[in-house]
Structure formats: C-alpha cells, structure tokens
Visitor: 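Pasting in a structure now, in structure tokens, and then I'll have a few things to ask.
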Amino acid sequence: MRNLFRIDLSHWRGDLYGGLTAGIVALPLALAFGVASGLGPMAGLYGAMIVGFFASWMGGTPTNVSGPTGPMVVVLASLFASLSGDVGLILTTVFIAGLLQVAFGFLGLGQYIRLVPYPVISGFMSGIGLIIITLQSSAFLGHSSEGNGPVAALLSLPGAISHINYSALFIGALSLATVYLWPAKWGRFLPGPLAALILATVIGLALPNLPVLGNIPTGLPSFQMPSFDMDMSVLILEAAFILAILGTIDSLLTSLVADNMTRTRHDSNRELIGQGVGNAVSGLFGGISGAGATMRTVINIRTGGSTRLSGMVHSAVLGAVILGIGPLLSEIPHAALAGVLVKVGMDIVDLNYLKRAHRGPRWDLLLMVLVLSLTVMVDLITAVGLGVVLAALAFVRQMAQLQLQQLGGQGFTSKDTEEARLLKEAKGKVTLFEFDGPLSFGAAADLGHHIRSLYEGTSSESIILDFNRVPYIDVSAAMAVETIARDANDAGKKLLVCGMSAQIAQTLDGLGMRELIPAYTRFEARFEALQSALQSAGLDKQQHSTRHLTLGLPAATS
C-alpha cells in the first residue's frame with residue numbers, strides 16, 4: 001500500500017507529454033462511447049477520467065491508459081435497452097462489476113486469462129467489432145442509434161436506408177474518411193478522431209436537419225447512491241459479471257501489448273484490482289465502465305509515457321475538459337461520433353487472422369466462426385464460455401489420441417541392449433506397453449479397449465505396463481488401469497507394472513486396487529519386470545534376483 005503514494009518523477013517530461021496526448025485522443029472516443037452506451041457523452045467523459053485515474057494509480061501496468069472501450073459499451077447499450085434507461089440501475093451494475101474485478105484480483109484469477117485460445121479471442125473481438133458497426137449504422141444514416149442489440153439494429157436497417165438523412169450520411173462519411181486518411185505525422189499534434197469531430201462539427205453547422213448532441217452540462221460528477229431492484233436482480237448481476245469478464249480480458253490483453261512495447265512484465269492481479277476500483281468509483285459518480293485501452297496505451301508509450309503518472313495526467317486533461325468546454329460539445333453531430341466508432345469497430349475486427357484462417361487448422365477456423373456468430377447473435381458471455389469449453393475439449397481429445405498412439409505394444413523396441421535381449425527371448429509371449437506423459441481423462445475412455453485390441457489374438461502370456469514416464473494420473477486414468485488389469489485377468493494373462501511413482505501407487509491403492517495389482521507384480525525397473533515375465537513363461541533359464549517396488553508395502557521375495 002505504501003507504493004501507492006510514491007509517484008516516480010524521474011520521467012516526468014515523457015509522462016506529461018504521453019498523458020497529454022493520450023487525453024486528447026481519449027476525448028472524442030469517450031464522448032462517442034458515452035453516447036453509444038445510452039447514458040450520454042458526459043457519462044463517457046466521467047468514466048474515462050475516473051477509471052483512467054484509479055487504474056493508473058492502483059493498477060499493475062504502469063503505462064496502461066484506461067477508459068471506455070468497445071466491448072464494455074456493447075454490454076451497457078444492451079443493458080440500457082433492457083432496463084428502459086434506468087440510470088440508477090445501470091450505474092449500480094457498473095459498481096458491482098468493479099467489485100467483481102477487485103475480487104478477481106484478490107483471488108489471483110488474472111493469470112488464467114492467458115489460457116483463452118487465440119481463435120476464441122479472435123472470434124470474440126471480431127464479433128464485438130461487428131456489433132459496434134451494426135449499432136452505429138442507424139446514427140450514421142441520421143436516425144436514433146438506440147436499439148435492443150445488434151439483431152434489432154439489423155432489423156431496423158432497411159427502414160433507416162429507405163429514409164436516409166443525407167446531411168447525417170455526409171457528415172458520417174466525412175468523419176470516417178478523416179479518421180482513415182489523417183496523416184500519421186499530423187496525428188502527433190492533432191489526433192485523427194479529434195480532427196474528424198472538429199471538421200465534421202464546423203461543416204455540420206451549415207447543414208440542415210442534422211441531429212447533434214445538444215445541451216451538455218458542465219461540472220464534476222456528483223455522487224450516485226447505488227440502487228437495486230429485486231425484479232431485475234438476475235439481469236443486473238449477469239450484466240455485471242459480463243462487464244467484469246470483458247473488462248478483465250480487455251485490460252490484460254492491453255497489458256500484454258504494453259509489456260511487448262516496454263520490455264517489462266505487468267502484475268495481472270494488481271491490474272485487476274486497479275481496474276476494479278476504477279470501475280466501482282465510476283459507477284458511484286455517474287461514469288460508464290472502462291478497461292485498458294490498447295490504442296490509447298500505445299499512443300501513451302510512443303509519446304514518452306513510462307510510469308503511472310502518464311495515465312493520471314491523461315485523467316487530469318479530461319477533468320479540465322469536463323470543467324471548461326461542455327457548451328462547445330453540444331454542436332457535435334451524432335453522425336460524426338458514429339463515423340469515429342465505425343472506425344473503432346473495424347479496427348477491433350481481427351482482419352489479420354481472418355485473411356489467413358482458411359490456411360490454418362479447420363477446427364480453429366470453425367471455432368472462431370462459432371464464437372463470432374454467438375457474440376453477435378446471442379451474447380458475449382455465452383460465446384466466450386462455450387468457445388473456451390469447446391477448445392478445452394478439442395485439446396483433451398487431441399492429447400488423448402496422441403497418448404494412445406504413443407503406446408508401445410508389439411512394435412516396441414528398447415535401446416537398452418539387455419532389455420532388447422530379453423524382448424527377443426520372449427518370442428512374442430510378453431507385450432510391453434510404455435505410457436508417455438500424464439494419463440488424462442481424455443485417453444482413459446479408450447485406453448482399456450486400445451490395449452486389449454493389441455494383445456488379443458496373440459501368443460502373449462504377460463502384459464507389462466511401464467509407468468516410468470508418467471508423473472501423474474487422475475481418477476479416470478486409474479479406473480482405466482483397473483479395467484486393463486481385470487481384462488488381463490479374465491484373459492488369463494499375467495499383469496506386471498513397473499516404474500510407478502508413489503503418487504500413482506497411492507491413487508491406485510486408494511481406489512482399492514492393491515489386490516488386483518499386488519506388490520509382487522510391481523517393479524521399480526522395466527528390466528526386472530521383463531525378467532519376471534520371462535521366468536513365468538519358462539523362457540529365462542538363468543535365475544536372476546529381482547528387486548520389487550514395495551511403495552510402503554511389505555517387501556516381496558523371489
């Protein structure tokens with residue numbers, strides 16, 4: 001906690017310029033996201049200022065610049081429609097989402113976000129980009145952008161096209177073209193989105209029938225006491241959980257980008273705590289949800305920001321704007337903001353992967369398309385949850401197939417000359433199965449059948465299971481070993497095991513397999529198991545003393 005009150009001033013010049021530039025870039029985006037959420041432009045500015053300050057001050061990524069982002073706004077817009085514009089309940093949802101993020105950080109869940117497969121992230125982000133573009137299509141054409149999600153926006157699109165407001169269409173196209181064509185070298189002094197808003201607003205003053213933001217209050221936000229409606233509790237909690245998850249994913253992905261640029265390593269859990277505090281405070285003071293914003297973070301780093309002071313300066317810039325120029329923002333056309341957001345949506349769509357996805361594994365392509373479709377047509381949490389589950393099941397299936405393919409069986413050949421001699425003397429009466437790596441529950445389902453098929457119809461009299469390279473087995477794999485042992489017993493085969501670790505033996509014995517696989521059939525080395533198998537078959541004329549693995553059991557004698 002003491003570090004929170006220590007501000008590194010050793011790079012204050014770079015932090016000052018980086019924060020100033022990031023604040024200017026954040027201004028038009030905060031306005032646009034506030035309008036898109038349904039809560040208005042000032043809610044966007046409040047959210048950018050509050051989340052940006054607390055996430056920088058308390059977070060675990062010094063160069064992160066936080067504020068409203070596309071994924072969060074998509075959820076808020078849907079919630080605004082579902083709650084009929086009840087601002088109190090929406091802000092309560094933002095507050096609860098922040099508390100959930102703080103809990104995620106204290107529980108150490110930040111590290112698990114890295115386990116989400118890339119096709120799931122790609123489909124999810126591309127779906128969000130398409131949702132943003134869809135939701136802004138009506139405003140781009142001069143109509144109200146409020147709708148009940150992307151499906152409703154698509155259904156309303158034919159009506160909007162049949163009654164186009166050409167003044168709005170011109171301003172939207174001008175804004176979009178300006179953002180795309182604005183030279184990068186000019187962007188150092190005047191960011192493209194801000195230039196688009198200035199140009200579109202000035203020209204829009206001369207156009208008729210052009211919807212604009214209208215009256216915007218000036219002043220710092222006031223405290224909003226959280227309210228709760230039991231009838232809407234499920235909807236509120238579900239939306240809060242989705243906001244917390246999306247904010248977590250968005251922020252930590254941005255942190256990874258910052259790490260790559262600064263050659264540092266962020267603290268995932270501290271970052272979640274900082275983001276959570278920022279969102280909770282934002283909900284208490286009339287702001288919308290926010291997260292680590294990749295574009296603003298990259299601009300901050302490239303213009304000199306290197307410590308958390310830069311993010312705090314970014315918030316100070318927005319605070320000055322809130323106090324001073326509210327009336328000047330009232331003439332900004334809705335279509336101009338829609339043009340900026342269409343560009344944001346197109347940047348979120350993962351075109352880099354979409355162009356190459358057909359050349360990669362077909363399953364990954366199908367998974368990405370599925371997640372994208374569910375994101376647009378159903379909801380975000382269903383898309384990500386189902387995508388992660390399907391990806392995990394596919395991985396388990398691939399690992400199971402690999403584990404089954406790597407079993408030794410009849411084709412096993414040993415590099416040890418003594419083992420090779422014993423195998424040659426066995427003359428097919430000994431079948432050795434060598435497991436490689438942890439035995440997962442995915443392989444367990446087919447393990448018994450696979451091994452039985454390899455020794456059935458052969459002259460094998462003894463089965464050896466080699467666990468030397470198996471560090472761990474779960475209950476599913478242990479039950480598969482029991483099936484193998486019972487099948488071998490029913491077939492009149494002698495079952496021997498070797499190389500079992502103490503953990504494996506403890507798992508098997510704990511499940512009651514001590515009688516099925518007794519101590520005298522357990523060997524420490526594979527060579528000893530081969531000797532015992534040959535002696536049982538009467539093929540080893542020389543008598544060898546063998547050392548058995550007792551694993552805490554009374555020692556067995558030869």
Side-chain angles (χ1 to χ4, degrees), residues 25-48 51 66-85 87 90-91 93-94 97 125 127-154 156-157 160 168 171-172 175-176 179 193-194 196-197 200 211-214 216 239 242-243 246-247 250 279 282 286-291 293 295-296 318 329 332-349 375-376 379-380:
V25 172
L27 174 60
L29 296 175
L31 291 170
F33 284 135
V35 173
S37 71
L39 296 180
M42 293 306 291
L45 285 176
Y46 292 156
V51 178
S66 301
T69 63
M72 315 289 277
V73 169
V74 167
V75 177
L76 288 173
S78 176
L79 184 64
F80 183 88
S82 300
L83 295 177
S84 302
V87 175
I90 296 172
L91 294 179
T93 305
V94 174
M125 296 303 293
I128 288 174
L130 292 177
I131 289 175
I132 292 174
I133 295 171
T134 302
L135 292 178
Q136 295 306 308
S137 57
S138 292
F140 199 88
L141 299 174
H143 300 278
S144 172
S145 60
E146 293 182 10
N148 193 18
V151 176
L154 286 173
S156 66
L157 194 56
I171 289 297
S175 175
L176 181 60
V179 176
L194 185 58
L197 290 192
V212 297
L213 293 182
I216 297 177
I242 294 174
L243 284 173
L246 293 182
D250 220 356
N279 279 303
S282 181
I288 63 176
S289 295
M295 183 179 73
R296 281 157 271 179
L318 294 176
L329 305 178
I332 295 177
H334 282 282
L337 295 174
V340 172
L341 286 180
V342 167
K343 173 62 165 59
V344 172
M346 296 179 75
D347 287 342
I348 292 177
V349 174
T375 299
V376 175
D379 62 65
L380 305 176

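Numbering starts at 1 and runs along the sequence shown. Predicted model only: the values in this text are computed from it and were never measured.
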Visitor: Locate the shortest heavy-atom distance separating Leu197 from Ile332; write the atom from each residue and the value.
Guide: CD2-CG2, 4.2 Å
Visitor: Which value, rounded to the nearest 0.5 Å, describes the distance between Leu91 atom CG and Ser289 atom OG?
Guide: 9.0 Å
Visitor: If every non-hydrogen atom of Ile132 is compared with every non-hydrogen atom of Gly70, which pair is closest and at what distance?
Guide: CD1-CA, 3.5 Å
Visitor: Heavy atoms, side chains only, cut-off 4.5 Å: are Thr375 and Met125 in contact?
Guide: no
Visitor: Can you confirm whether Phe33 sits close enough to Leu337 that some side-chain heavy atom of one is under 4.5 Å from a side-chain heavy atom of the other?
Guide: no
Visitor: Would you check if the side chain of His334 reaches a backbone N or O of Val212 as a donor-acceptor pair within less than 3.5 Å?
Guide: yes
Visitor: Does any part of the side chain of Leu45, heavy atoms only, come nearer than 4.5 Å to the side chain of Leu27, both counted from C-beta?
Guide: yes
Visitor: What pair of heavy atoms forms the shortest contact from Ala97 to Leu243, and how long is it?
Guide: CB-CB, 3.7 Å
Visitor: Keeping the roles fixed (side chain from Thr134, backbone from Leu130), state whether a donor-acceptor pair exists under 3.5 Å.
Guide: yes
Visitor: Using every non-hydrogen atom in the two residues, find where Ala335 and Phe140 come nearest and quote the distance to one decimal.
Guide: CB-O, 4.4 Å
Visitor: At their closest point, which heavy atom of Val75 faces which heavy atom of Ala239, and how far apart are they?
Guide: CG1-O, 4.3 Å
Visitor: Quick one: does Val342's side chain get under 4.5 Å of Val179's, heavy atoms only?
Guide: no
Visitor: Do any N or O atoms from the side chain of Asp250 and from the backbone of Thr69 form a donor-acceptor pair under 3.5 angstrom?
Guide: no
Visitor: Please confirm whether the backbone N or O of Gly34 pairs with a side-chain atom of Ser37, one donor and one acceptor, at under 3.5 Å?
Guide: yes
Visitor: Passes side chain to side chain contact (heavy atoms under 4.5 Å, CB included), Ser138 versus Ser156? Steps please.
Guide: CA-CA 8 Å; Ser138 292; Ser156 66; 3.9 Å; yes
Visitor: Taking Ser175 for the side chain and Ala336 for the main chain, is one N or O donor matched with an acceptor at less than 3.5 Å?
Guide: yes
Visitor: What heavy-atom pair brings Val376 and Gly127 nearest, and what distance separates the two atoms?
Guide: CG2-O, 3.7 Å
Visitor: Measure the CG-CG distance between Leu341 and Leu176 for me, rounded to the nearest 0.5 Å.
Guide: 11.0 Å
Visitor: Just by distance, do the side chain of Ser282 and the backbone of Ile288 share a donor-acceptor pair under 3.5 Å?
Guide: yes
Visitor: For the atom pair CD1 (Ile348) and NZ (Lys343), what is the distance rounded to the nearest 0.5 Å?
Guide: 10.5 Å
Visitor: Would you say the side chain of Leu76 lies within less than 4.5 Å of the side chain of Val94, judging by non-hydrogen atoms?
Guide: yes
